[in-house]
Enquirer: 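One structure, pasted below without further comment.
Excluded from the calculations below are hydrogen atoms, water molecules and symmetry mates; all remaining heavy atoms, backbone and side chain alike, are included. Bear in mind that the values here come from a model prediction, so they are computed numbers and not experimental data.
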Amino acid sequence: MTRIPIDPDAIRALAAVLVETGLSEIEIADKDSRIRVVRNLAPATMVTSVAAAAPAPVQAVSAPVVQDLADHPGAVSSPMVGVAYLSPEPGAPPFVSVGQPVTAGQTLLLIEAMKTFNQIKAPKSGTVSSILVQHSSPVEYGEVLMILE
């Protein structure tokens, strides 16, 4: 049996590309070898954002049970694959927090895709009832980011 030489640095580099781009898998192939790196994306955890001078622990929040969050009338879904940022810059307060009223067109968060920061705006006025992504976490196309009531 022939053993394929494994380059740990190449695998680490591919894993870094997955995290950077928000992809769930990547594969490269040569004439005699193939490397496929897949990451298991866990379901998003509901968290609250705390705006304070000192970092506070993130707390899990219970929300009303909805069979599919994408069907919720107040669901704000990701229009692209990228990395979600809840504040405009490191150390700055978040754009919104749970319980905060928002108006249609107000910036809720940023998604970085291909080194471009895209503003995700509120599709309607309401109150932020859930924030389903964490700061600096990868997001997939169609993933529910927030719920507005």
Side-chain angles (χ1 to χ4, degrees), residues 6-29 34-149:
I6 297 174
D7 181 0
D9 292 331
I11 294 171
R12 282 188 194 93
L14 289 173
V17 169
L18 288 179
V19 171
E20 180 181 317
T21 61
L23 295 172
S24 58
E25 66 181 75
I26 191 168
E27 181 175 339
I28 60 171
R34 179 178 84 145
I35 297 176
R36 180 172 175 236
V37 179
V38 179
R39 72 182 178 133
N40 185 7
L41 295 174
T45 305
M46 299 176 114
V47 297
T48 60
S49 297
V50 180
V58 177
Q59 301 172 349
V61 179
S62 297
V65 177
V66 177
Q67 293 299 334
D68 185 6
L69 290 176
D71 292 337
H72 191 284
V76 178
S77 300
S78 177
M80 64 193 72
V81 173
V83 177
Y85 293 97
L86 300 176
S87 61
E89 59 187 36
F95 289 105
V96 295
S97 58
V98 172
Q100 177 181 342
V102 296
T103 58
Q106 180 178 342
T107 300
L108 301 173
L109 60 116
L110 300 174
I111 295 181
E112 179 188 12
M114 298 178 62
K115 300 191 184 220
T116 301
F117 288 90
N118 302 279
Q119 294 182 1
I120 306 305
K121 298 182 181 272
K124 65 176 191 169
S125 295
T127 302
V128 178
S129 66
S130 306
I131 299 175
L132 304 171
V133 294
Q134 295 180 1
H135 184 73
S136 302
S137 65
V139 294
E140 297 287 333
Y141 173 79
E143 180 179 337
V144 179
L145 307 169
M146 292 186 187
I147 302 290
L148 302 178
E149 295 291 340

Enquirer: For a 4.5 angstrom cut-off between non-hydrogen side-chain atoms, does L108 reach F95?
Expert: no
Enquirer: Check each of I111, L110, V83 against F117 using the side chain to side chain contact (heavy atoms under 4.5 Å, CB included) test, and report the only one that passes.
Expert: L110
Enquirer: Could you tell me whether the side chain of S78 and the main chain of M80 form a donor-acceptor pair under 3.5 Å?
Expert: yes
Enquirer: Is it the case that the side chain of S129 and the backbone of I147 share a donor-acceptor pair, with hydrogens and angles ignored and the cut-off at 3.5 Å?
Expert: yes
Enquirer: Kindly compute the distance separating CG (L109) from CG (N118), expressed to the nearest 0.5 Å.
Expert: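 With rounding to 0.5 Å, CG (L109) is 10.5 Å from CG (N118).
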Enquirer: Keeping to residues at least two apart or across chains, list the side-chain hydrogen bond (donor to acceptor under 3.5 Å, both in side chains) pairs with something in residues 81-95.
Expert: Y85-E112
Enquirer: Can you name the side chain to side chain contact (heavy atoms under 4.5 Å, CB included) partners of K124, sequence neighbours left out?
Expert: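 Applying side chain to side chain contact (heavy atoms under 4.5 Å, CB included) to K124 gives L148.
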Enquirer: What residues, two or more places apart in sequence or in another chain, satisfy side chain to side chain contact (heavy atoms under 4.5 Å, CB included) together with Q100?
Expert: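 Expected list: V96, S97, Q106.
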Enquirer: Kindly compute the distance separating CE (M146) from CD1 (I120), expressed to the nearest 0.5 Å.
Expert: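 M146 atom CE to I120 atom CD1 measures 9.5 Å (nearest 0.5 Å).
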Enquirer: Which atom pair, heavy atoms only, marks the closest approach of A104 to S125?
Expert: N-OG, 3.1 Å
Enquirer: If you compare all heavy atoms of P123 against all heavy atoms of V76, which two are closest, and at what distance to 0.1 Å?
Expert: CD-CG2, 3.8 Å
Enquirer: How far does OG of S137 sit from CG of L132, to the nearest 0.5 angstrom?
Expert: 10.5 Å
